[in-house]
Colleague: 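First the structure, then my questions, so here it is.
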There are 2 protein chains.
Amino acid sequence: MFLQVGDLAKATGKTVRAIHLYEELGLLRAHERSKGRYRLFTEEALVRVRWIAKLQNLGLSLSEIQELVREQEASGSAVFAATRLRELYRAKLEATRRKIAELRALEAELEESLSFLSACNTACEPALPVHSCPTCERHPERPNAPELVVGAHVSS
Amino acid sequence: MFLQVGDLAKATGKTVRAIHLYEELGLLRAHERSKGRYRLFTEEALVRVRWIAKLQNLGLSLSEIQELVREQEASGSAVFAATRLRELYRAKLEATRRKIAELRALEAELEESLSFLSACNTACEPALPVHSCPTCERHPERPNAPELVVGAHVSS
DNA sequence: CGTAACCCTGACGCATGCGTTAGGGTGAGG
DNA sequence: CCTCACCCTAACGCATGCGTCAGGGTTACG
């Protein structure tokens, strides 16, 4: 019927310690306790823990989540609470889009670097030492190496 | 001619302290020192610091970068070094793609949640308290609220 | 030569998000 | 009644990536 803390942990992929922490921070409450003070959670707790995890993925720290929870609980009006939530989510949507763009740029750089490096295995003289890379002439398609490759060779 | 540590910091968006740290960790070396022991960097250091930043964005910790640098410097053969670099970048490319997929899912959830929440401002009775949300009937398009919305309301 | 703006080394501080240990109770099956 | 797996609270520990003094030189400009 109820979930013990270990069940909740398994179901969410978090550890028991993490769930305890969330409760300490006020992000989560057990529905009730057993005679022996065991925490007993309902399935709503599952939703809550997953929600916390998503917010963490969105880049919120636990104390920011704490703030949010307090705000939501304190705001009497549902409309007001919804408005605050929207503001937060709108900001996070923009941030997420920026992050995606950044990662896409990195993805492209990785792809370029991989194709550049693949030539090293076929065209390079096996005995050449690393420090000869900067003067390498064997990349006709891409005379100036990608930053991810150059960066690995500079020792200043 | 040369860059002082402050110039390098400004040019890369890092702090002086960060650059000192990178040098302590062996990720970076000053080309030389002035009479008064000032670090003097060439423009290669710029490339190097940007490279470090990119690797950090790819999710590498400074000690992992340290490992990588040691490996690259220690490997005599350029081909071997390139191979290691490729392995790393391939793995990071996959991880980056997974991360992008994850963020896109979050993006979609945020969009859904925002459209759901926008109805709250128009259809909700302004005086209703937050705890009445779970029984709200005013979202005909989306009877079951998105997890990002439900999660904010469960208090268990 | 003065002085403002930098730079040096060394070292302790800090916020985050749990991990881990300690010492002890609880609950369900056999 | 035993036992084993699980739970409790309290509290210290830790890795990361710098921030921030402290105490003292160095440079460039005028």
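The sequence lines fix the lettering, A, B, ..., with proteins before strands; numbering per chain opens at 1.
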Colleague: What residue pairs, at least two apart or across chains, pass salt bridge (Lys or Arg N to Asp or Glu O under 4.0 Å) with a residue in residues 120-135 of chain A?
Modeller: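 Output for this query lists A:Glu125-A:Arg138.
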Colleague: Is a side-chain donor-acceptor pair under 3.5 Å present for B:Arg39 with B:His31?
Modeller: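 Per modelled atom types, B:His31 and B:Arg39 side chains form no pair under 3.5 Å.
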Colleague: Does A:Gln72 have any side-chain hydrogen bond (donor to acceptor under 3.5 Å, both in side chains) partners at least two apart in sequence or in another chain, and if so, which?
Modeller: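 For A:Gln72, no residue satisfies side-chain hydrogen bond (donor to acceptor under 3.5 Å, both in side chains) once neighbours in sequence are set aside.
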Colleague: At under 4.0 Å between heavy atoms, how does the protein contact nucleotides 21-30 of chain D? Give one character per nucleotide, 5' to 3', with B, S or -.
Modeller: ----BBS---
Colleague: Out of A:Phe2, A:Phe41, A:Tyr38, which residue meets the side-chain contact (heavy atoms from CB on, under 4.5 Å) rule with A:Glu32?
Modeller: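 When side-chain contact (heavy atoms from CB on, under 4.5 Å) is applied between A:Glu32 and each of A:Phe2, A:Phe41, A:Tyr38, only A:Phe2 qualifies.
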Colleague: What pairs with A:Phe116 under ring pair (Phe, Tyr, Trp, His ring centres under 6.0 Å), at least two apart in sequence or on another chain?
Modeller: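 Ring pair (Phe, Tyr, Trp, His ring centres under 6.0 Å) check on A:Phe116 returns A:His139.
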Colleague: Okay, side chain of B:Thr15, backbone of B:Ala18: is any donor-acceptor separation there less than 3.5 Å?
Modeller: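 Present.
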Colleague: Name all pairs fulfilling the side-chain hydrogen bond (donor to acceptor under 3.5 Å, both in side chains) condition that reach into residues 3-14 of chain A, sequence neighbours left out, sorted by first residue then second.
Modeller: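 Matches after skipping sequence neighbours: A:Lys14-A:Tyr22, A:Lys14-A:Gln56.
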Colleague: Measure the NE2-CZ distance between A:His153 and B:Arg48 for me, rounded to the nearest 0.5 Å.
Modeller: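 The distance works out to 10.0 Å.
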Colleague: In chain order, what residues pass the side-chain hydrogen bond (donor to acceptor under 3.5 Å, both in side chains) check against A:Glu67, with sequence neighbours excluded?
Modeller: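 A:Glu67 satisfies side-chain hydrogen bond (donor to acceptor under 3.5 Å, both in side chains) with no other residue.
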Colleague: Please give me every residue in residues 6-27 of chain B whose heavy atoms get under 4.0 Å of an atom in DNA chain C, ordered by residue number.
Modeller: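 Of all residues in residues 6-27 of chain B, the ones placing a heavy atom under 4.0 Å from DNA chain C are B:Gly6, B:Arg17, B:His20.
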Colleague: According to side-chain hydrogen bond (donor to acceptor under 3.5 Å, both in side chains), who are the partners of A:Arg97, at least two apart in sequence or on a separate chain?
Modeller: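 side-chain hydrogen bond (donor to acceptor under 3.5 Å, both in side chains) list for A:Arg97, sorted by chain: B:Glu107, B:Glu111.
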Colleague: In chain order, what residues pass the ring pair (Phe, Tyr, Trp, His ring centres under 6.0 Å) check against B:Phe80, with sequence neighbours excluded?
Modeller: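 Per chain and number, B:Phe80 pairs via ring pair (Phe, Tyr, Trp, His ring centres under 6.0 Å) with no residue.
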Colleague: Short of 4.0 Å, heavy atom to strand atom, which residues of residues 49-64 of chain A count as contacting DNA chain C?
Modeller: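 DNA chain C contact set from residues 49-64 of chain A: A:Gln56, A:Ser61, A:Leu62, A:Ser63.
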Colleague: Taking side-chain hydrogen bond (donor to acceptor under 3.5 Å, both in side chains) as the test, write out the residues that go with A:Glu94, two or more places apart.
Modeller: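 With neighbours one apart ignored, the set is empty.
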Colleague: Heavy atoms of chain B, cut-off under 4.0 Å: which first and last nucleotide of DNA chain C, 5' to 3', fall inside that, if you could look?
Modeller: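 So the contact region on DNA chain C extends C:dC6 to C:dA11.
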